[in-house]
2 protein chains.
Amino acid sequence: MSLRHAMLGLLTFKPMTGYELKSVFDNSINHFWNAQLSQIYRELGGLEDKGHIVSRVELQHGKPDKKIYSITEEGDSELQRWLESSPKTLSMPMRDELTLRVFFGSRVAAKELIYILQGFIRERQEALAALRFIGECLDGFMCEGTHAQDAFYQKLTLVRGLKFFAADIEWAEESIEQLERRERQSED
Amino acid sequence: MSLRHAMLGLLTFKPMTGYELKSVFDNSINHFWNAQLSQIYRELGGLEDKGHIVSRVELQHGKPDKKIYSITEEGDSELQRWLESSPKTLSMPMRDELTLRVFFGSRVAAKELIYILQGFIRERQEALAALRFIGECLDGFMCEGTHAQDAFYQKLTLVRGLKFFAADIEWAEESIEQLERRERQSED
DNA sequence: GAATTCATGTAACTTGTTACATGATTTA
DNA sequence: TAAATCATGTAACAAGTTACATGAATTC
């Protein structure tokens, strides 16, 4: 139920629509959680049924009316209960398709693998740049509506993303090197 | 469909039962893919329906009979097709509950967070040790049935896990330090 | 004129998790 | 004597993805 709790947590910052929540997922916490819009709307429904959040409608012209959700007291204590419950597993199961492809790499042309890894490096560099941007915003107190206490914790999570993406880039570069060296050796 | 292709790939190494596949997931590729036994059996069923694998039964006494699955020619070309198809996204969406908890850390006692991070460090150290063990086996050609070509690629994926876990430990240690410094400052 | 942003959702499907059921043999 | 290992699965549920539907306003 982590998605629900992520949404509850984000709604403690300010009331939001489902659409806005999606943009927070995309722009701020993408490096450790995300969800499709359709899933967000589904979970909003569930949270409202349970009384953890309430909505008020803001009429609009030309667009669908906004449904702005706020967290309730019950929602707040549910979030608190979750945060204070200790999870059994701290490390979540990983699933990474790229690594799987590399694992069976002997079946693929080395050039092909190198090309894929180069694309991966580009993706990770973009992700790094995006994180650095959030970092600057957090450091400069430019993230409107973010309290100093929260900024401290948010920076901690950001650092994890930075380290993680940097490690990935390093790995992909080293792997490309090894693949190229191996190619040269087999030519001799 | 990555799980299916992971299973197909593993079955190119040697025919296996569902139970054996699960132990390969647990012991060898846990750092980038895993699945529950029930899911493995379900997917085995699907793969057999499609003719990608076939099974033969080995009778046993006192235990349920073994169903040993082997990859077929069709399964092999399906695997090849998948390996040669270029995936749209190289970086898979991440979902990490621990980071989520840290993100909303201002709502939790710092001591509590530190305690959780310490547990996380222990988990990651164990994971690192497990990976190093696989590494030694791969380096010493002690992994029975693993060809030298495959060992090369498997080592590449192993390095990713090593870097990843090391980065996590580093991050958790630094985070604990920062949390402790912050605690001391607030006491003054 | 085509794509993106804003804004709501539903429905169908796929993937992953948890709980249950069976039962002999071996190890702690 | 309790737990782990071996070995099969089914059923129900939870979570995540993809496709579809609507439609004005804005930006390229």
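A note on names: the letters A, B, ... follow the listed sequences, proteins ahead of strands, and every chain is numbered from 1.
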Using atom types as modelled and distance alone, determine if a side-chain donor or acceptor of A:Thr72 lies under 3.5 Å from a backbone N or O of A:His52.
yes

To the nearest angstrom, the CD-C1' distance between A:Glu97 and D:dT17 comes to 14 Å

Whole-Å distance, B:Lys88 NZ to D:dT17 P, equals 13 Å

Exercise for review: Report yes if at least one side-chain N or O of A:Gln60 is closer than 4.0 Å to OP1 or OP2 of C:dA7; otherwise report no.
Suggested key: yes

Scanning both residues in full, the closest heavy-atom pair of A:Lys67 with A:Ser55 reads CE-OG, 3.8 Å

Could you pull out the protein-nucleic contacts involving nucleotides 24-28 of chain C (nitrogen or oxygen on both sides, under 3.5 Å)?
from, atom 1, to, atom 2, distance (Å)
C:dA24, O4', B:Gly62, O, 3.0

Are A:His5 and B:Glu97 close enough that a side-chain donor and a side-chain acceptor fall under 3.5 Å? no

Rounded to whole Å, NZ of B:Lys22 lies from C1' of C:dG16 at a distance of 12 Å

In whole angstroms, the gap separating C1' of C:dT17 from CZ of B:Phe25 amounts to 15 Å

Just checking, is any N or O donor in the side chain of B:Gln80 or B:Glu84 under 3.5 Å from an acceptor N or O on the other one? yes

_Quick check on the 6.0 Å ring-centre criterion: do B:Phe104 and A:Tyr153 meet it?_
no

Next item on the list: Please test A:Lys155 against A:Asp139 for salt bridge (Lys or Arg N to Asp or Glu O under 4.0 Å), starting from the C-alpha separation and ending with a verdict.
Entry: CA-CA 8 Å; A:Lys155 259 182 273 176; A:Asp139 281 329; 3.3 Å; yes

- Please determine, by modelled atom types, if B:Glu43 and B:Gln39 share a side-chain donor-acceptor pair under 3.5 angstrom. no

Take A:Met7 and A:Arg4 through the test side chain to side chain contact (heavy atoms under 4.5 Å, CB included) and record every step on the way to the result.
-> CA-CA 5 Å; A:Met7 288 166 61; A:Arg4 289 239 180 140; 5.8 Å; no

Given the options B:Leu10, B:Ile134, B:Leu158, B:Ile29 meets side-chain contact (heavy atoms from CB on, under 4.5 Å) only with B:Leu10

Separation of D:dG16 atom P from B:Met94 atom CE, nearest Å, is 15 Å

Atom CD of B:Gln36 and atom C1' of C:dG16 are separated, to the nearest Å, by 8 Å

Atom CG of A:Leu59 and atom C1' of D:dA24 are separated, to the nearest Å, by 16 Å

Greater than 12 external heavy atoms within 6.0 Å of A:Phe13's CZ:
yes

Double-helix bend of the helix from C:dG1-D:dC28 to C:dA28-D:dT1, axes at both ends from 5 pairs, round to 10°, gives 60°

- [ ] Examine distances only and state if a side-chain atom of B:Asp65 and a backbone atom of B:Gln60 form a donor-acceptor pair shorter than 3.5 Å.
- [x] yes

Can you give me the N/O atom pairs linking the protein to nucleotides 8-15 of chain C at distances under 3.5 Å, or say none if there are none?
from, atom 1, to, atom 2, distance (Å)
C:dT8, OP1, A:Lys67, N, 3.1
C:dT8, OP2, A:Tyr19, N, 2.9
C:dT8, OP2, A:Tyr41, OH, 2.7
C:dT8, O5', A:Tyr41, OH, 3.2
C:dG9, OP1, A:Lys67, NZ, 3.2
C:dT15, OP1, B:Met1, N, 3.1

Here the distance between atom C1' of D:dT17 and atom CG of B:Leu3, to the nearest Å, is 16 Å

